[in-house]
Amino acid sequence: MQNKILKLLYNSEDYISGQQMSESLGVSRQAVNKAVKSLRDKGFGIESVTKKGYILKSVPTQLCEEAVKLFLRTKIVGKELKVLETVGSTNDYLKELGYKGAETGTVIIAREQTAGKGRLGRVWQTKKDDGIALSLLLRPELSPAEISSITPLSGLAMCKAINDFCMLDSRIKWPNDVIVGKKKLVGILTEMAAEFDRVDFTVTGIGINVEHTVFPDEIAHKATSVLLETGRHINQNKFVATVLNYLEQELIMNRYRLNGTTVSDYQNLCATIGRQVTFARGKRNISGMAVSINNNGELEVMLSNGTIATVNSGEVTVQGIY
Ligand code: BTN
């Protein structure tokens, strides 16, 4: 109900009366009043003038379910969407929902994480309203070997969303960081529940640094935030909706696969390509020039003897970045 009232208010350029809203939604005036009150409590600036009705003046800047939904233009991603005040980890929370049958496209967003997880067992901090923690559950009809494109496509979507919404020149640090300059703005962690030959679901967790002005000492030299880069406080609801719109475009519309266009988009936005990189192979560290990514999302590195090594996971150090 609140979502429907909000849509009416948002789409109306002028005042709209309680009577008009109750007629067009087929509900009582009382129900309209109640929904307007709840929306005001959530921070929506809804002004009312006698004999004219209601007008939407402002939308909360902090995360709120109704506001994200208002700006969403997707069919699948975020059809089921929840914003939590606080949670241990959005990935863990969503995996639990996945085991209980949550549908593809379900999104969990949190304003705070108390036990956020990074890659390789690291910790990912999300303090209240400083960062955005978001997880997306997908049920691709692919084998475990075929889902390697999910993380690169998510990285591509994030990079496009940031450049579009924040007007920044962010780049992808292969395989799954989004950076501005030499500093990290976004981290991505994809987990999966699968049988031997069939993926049950994947959960892609995305952590975005938004309002941070300081970082813990260990990462201060290599982390940044939207506020630090732009000097602006963004509307987190509009931003999250933009992120989800791009995730639908890159993941769902491409059927979870990298193709000619997405590989080329990725390469154009990838900071790793064209740089010297070092990666581990067995017990040895090998260096070479990152030249491309392939349709599986793997990094292709030219070694000093002219051969191409394919790198598909683990840590890669990129000269000049981190
Ligand atoms: C990394 O760069 O190490 C990946 C960080 C991923 C963090 C996100 S925040 C939302 C989701 N929930 C988690 O517990 N982790 C991911």
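It should be emphasised that the depicted structure is a prediction, and the values quoted were computed from it without experimental measurement. Just follow the structure's listing: the first ligand is 1, and inside any ligand the first atom is 1.
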**Prompt:** Out of Q125, R119, K95, K117, whose heavy atom is nearest to atom 1 (C) of ligand 1?
**Reply:** R119
**Prompt:** Relative to atom 10 (C) of ligand 1, which among T126, T90, D92 owns the nearest non-hydrogen atom?
**Reply:** T90
**Complete:** ring pair (Phe, Tyr, Trp, His ring centres under 6.0 Å) test vs F71 passes for just one of F165, Y10, F239, namely Y10
**Request:** Take every heavy atom of Q113, measure it against each atom of ligand 1, and state whether any distance is under 4.0 Å.
**Result:** yes
**Message:** Between T202 and T190, do the side chains contain a donor N or O and an acceptor N or O under 3.5 Å apart?
**Reply:** no
**Asked** Should I108 and L138 be regarded as members of a common hydrophobic cluster, given that ILVMFWY residues are connected when their side-chain heavy atoms come within less than 4.5 Å of each other, either directly or indirectly?
**Response** no
**Message:** Checking contacts here: is it the side chain or the backbone of K184 that comes within 4.0 Å of ligand 1, counting heavy atoms only? Could be both or neither.
**Reply:** side chain
**Asked** Does any non-hydrogen side-chain atom of L134 lie less than 4.5 Å from one of T90?
**Response** no
**Request:** Tell me yes or no: between the side chains of S143 and D197, is some donor less than 3.5 Å from an acceptor?
**Result:** no
**Complete:** Counting from 1 in the order shown, the ligand 1 atoms closer than 4.0 Å to a non-hydrogen atom of S135 are 11 (C)
**Request:** Verify the distance criterion only: is there a donor paired with an acceptor across the side chains of N254 and N259 at less than 3.5 Å?
**Result:** yes
**Fill in**
One finds that the ligand 1 atoms under 4.0 Å from a non-hydrogen atom of G116 are 14 (O)
**Prompt:** Under 4.0 Å from any heavy atom of L134, which atoms of ligand 1 are there?
**Reply:** 10 (C)
**Request:** For N91, counting its heavy atoms only, list the atoms of ligand 1 lying under 4.0 Å from any of them.
**Result:** 11 (C), 12 (N)
**Prompt:** Using heavy atoms and a threshold below 4.0 Å, how should the contact between L120 and ligand 1 be classified: side chain, backbone, both, or neither?
**Reply:** neither
**Message:** Can you report which non-hydrogen protein atom sits closest to atom 8 (C) of ligand 1, along with the distance?
**Reply:** G207 N, 3.6 Å
**Asked** Of the backbone atoms (N, CA, C, O) and the side-chain heavy atoms from C-beta on, which set of A110 has a member under 4.0 Å from an atom of ligand 1: side chain, backbone, both, or neither?
**Response** neither
**Prompt:** What do we get for N176 next to ligand 1 when only non-hydrogen atoms under 4.0 Å count, side chain, backbone, both or neither?
**Reply:** neither
**Asked** Cut-off 3.5 Å, side chains only: do Y256 and E141 have a donor facing an acceptor?
**Response** no
**Message:** In the structure I gave you, are the side-chain heavy atoms of V277 and W174 within less than 4.5 Å of one another anywhere?
**Reply:** no
**Request:** Output yes when the distance from some N or O of ligand 1 to some N or O of W124 is under 3.5 Å, and no in every other case.
**Result:** no
**K173 side chain reached by I321 side chain, heavy atoms, under 4.5 Å** = yes
